[in-house]
Amino acid sequence: MSHTTYTYEDYQAAVTAIRAVTDRQPEYGLVLGSGLGVLAEQLQDPIAIPYKDIPGWPRSTVHGHSGKLVFGTLEGKSVVCQQGRAHFYEGYTPQQITFPVRVMHFLGVKTLILTNAAGGVNSAYHAGDIMLINDHINMVGMAGNHPLYGANDDRLGPRFPGMAQAYTRKLRTHAKAAAQNARIPMHEGVYVCVSGPSFETPAEIRFLRLIGGDAVGMSTVHEAIVARHMGMAVLAFSAITNAGIDHVDSETDANHEEVLEAGRVIVPKLSAVVRGVLRTV
Ligand code: HPA
């Protein structure tokens with residue numbers, strides 16, 4: 001695979017294009033996963049910029065991902081929201097997928113809030129649940145497709161960043177308090193990133209369970225790694241849109257429609273927790 005690499009100037013060109021539209025200085029970045037984009041409609045005083053107007057910005061081809069960067073206010077905090085994201089399985093490199101995270105950093109974002117649709121690996125998880133991510137297993141990155149592959153630009157971060165606290169403890173504490181206050185049950189667990197786009201086989205679900213995974217999806221960890229590389233704080237949630245199928249005699253199979261459908265049920269829960277966090281930080 002060819003690895004697209006960006007220069008410092010590429011990030012600045014994207015920032016310049018955005019600055020031609022707005023001079024807002026968002027402190028919080030929000031990335032909305034499959035079926036979760038409607039959360040962006042809750043922003044006050046929105047200013048939207050289509051991804052196609054930003055040089056270098058990768059565009060998702062997937063149904064359920066609209067391609068806009070939306071600036072606004074949520075719970076009094078200045079937020080920039082990525083309504084839709086690009087994925088590895090669409091043919092983008094991890095470097096391309098994480099270009100927006102770098103641009104958000106240069107726009108002033110200090111805290112990145114990531115969301116995704118995910119399959120339940122933990123047998124106690126059901127479609128419609130939400131999970132706070134407290135750690136991850138990057139199957140794609142461990143296999144060599146890593147967002148920090150290639151020359152390191154020391155202006156962005158260190159060559160070998162630590163990941164012992166990839167998901168900021170203080171933010172996790174805020175999220176748990178917010179869920180409790182809103183009386184929303186929330187799991188906490190380990191997100192496994194796989195390439196996709198095929199969903200997991202039953203043997204793969206049992207394997208992911210064995211290695212300590214609780215949820216499985218095709219995004220998020222690339223962005224979390226790049227954000228931590230630049231010293232941003234990270235908070236991340238999985239919307240459990242379907243329970244992983246763990247036996248070959250199952251009558252059902254996972255599909256994208258059920259992912260989008262469950263997203264609709266989950267948006268109010270995720271929105272309450274994210275808003276609760278923004279109120280308290
Ligand atoms: N597996 C991987 N990614 C997903 C799933 C799944 O079951 N559901 C939503 N995204």
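Counting convention: from 1, in listed order, for ligands and their atoms alike. These figures come from a predicted structure and were not determined experimentally.
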Regarding Asn116 and Ser219, do their side chains bring together a donor and an acceptor under 3.5 Å, going by distance alone? no
Roughly how far apart are Asn181 CG and His174 NE2, rounded to 0.5 Å? 12.0 Å
Determine whether any heavy atom of Ala117 lies closer than 4.0 Å to an atom of ligand 1. yes
Counting non-hydrogen protein atoms only, what is the nearest one to atom 5 (C) of ligand 1? Give residue, atom name and distance. Gly119 N, 3.3 Å
Backbone, side chain, both or neither: what part of Asn242 comes under 4.0 angstrom of ligand 1, heavy atoms only? side chain
Ligand 1 atoms in contact with Thr241 (distance to a heavy atom under 4.0 Å): 8 (N), 9 (C)
With a cut-off of 4.0 Å, which atoms of ligand 1 are near a heavy atom of Glu200? 1 (N), 2 (C), 6 (C), 7 (O)
Within a strict 4.5 Å, meaning less than it, do heavy atoms of the Leu132 and Leu235 side chains meet? yes
Which pair of heavy atoms, one from Gly212 and one from Val190, lies closest together, and at what distance? O-CB, 3.4 Å
So, does Gly244 sit close enough to ligand 1 that a heavy atom of it is under 4.0 Å from the ligand? no
Which of the numbered atoms in ligand 1 are below 4.0 angstrom from a heavy atom of Met218? 2 (C), 3 (N)
Taking only heavy atoms of Val259 into account, list the atoms of ligand 1 that are under 4.0 Å away from them. 8 (N), 9 (C)
What distance do His247 atom NE2 and Arg206 atom CZ have between them, rounded to the nearest 0.5 Å? 9.5 Å
Quick check on the 6.0 Å ring-centre criterion: do Phe106 and Tyr8 meet it? yes
If the cut-off is 4.0 Å to any non-hydrogen atom of Phe199, which atoms of ligand 1 fall inside it? 1 (N), 4 (C), 5 (C), 6 (C), 7 (O), 8 (N)
Closest approach of Tyr149 and Gly144, non-hydrogen atoms and distance? CD1-O, 4.2 Å
Is the closest heavy-atom distance from Gly196 to ligand 1 below 4.0 Å? no
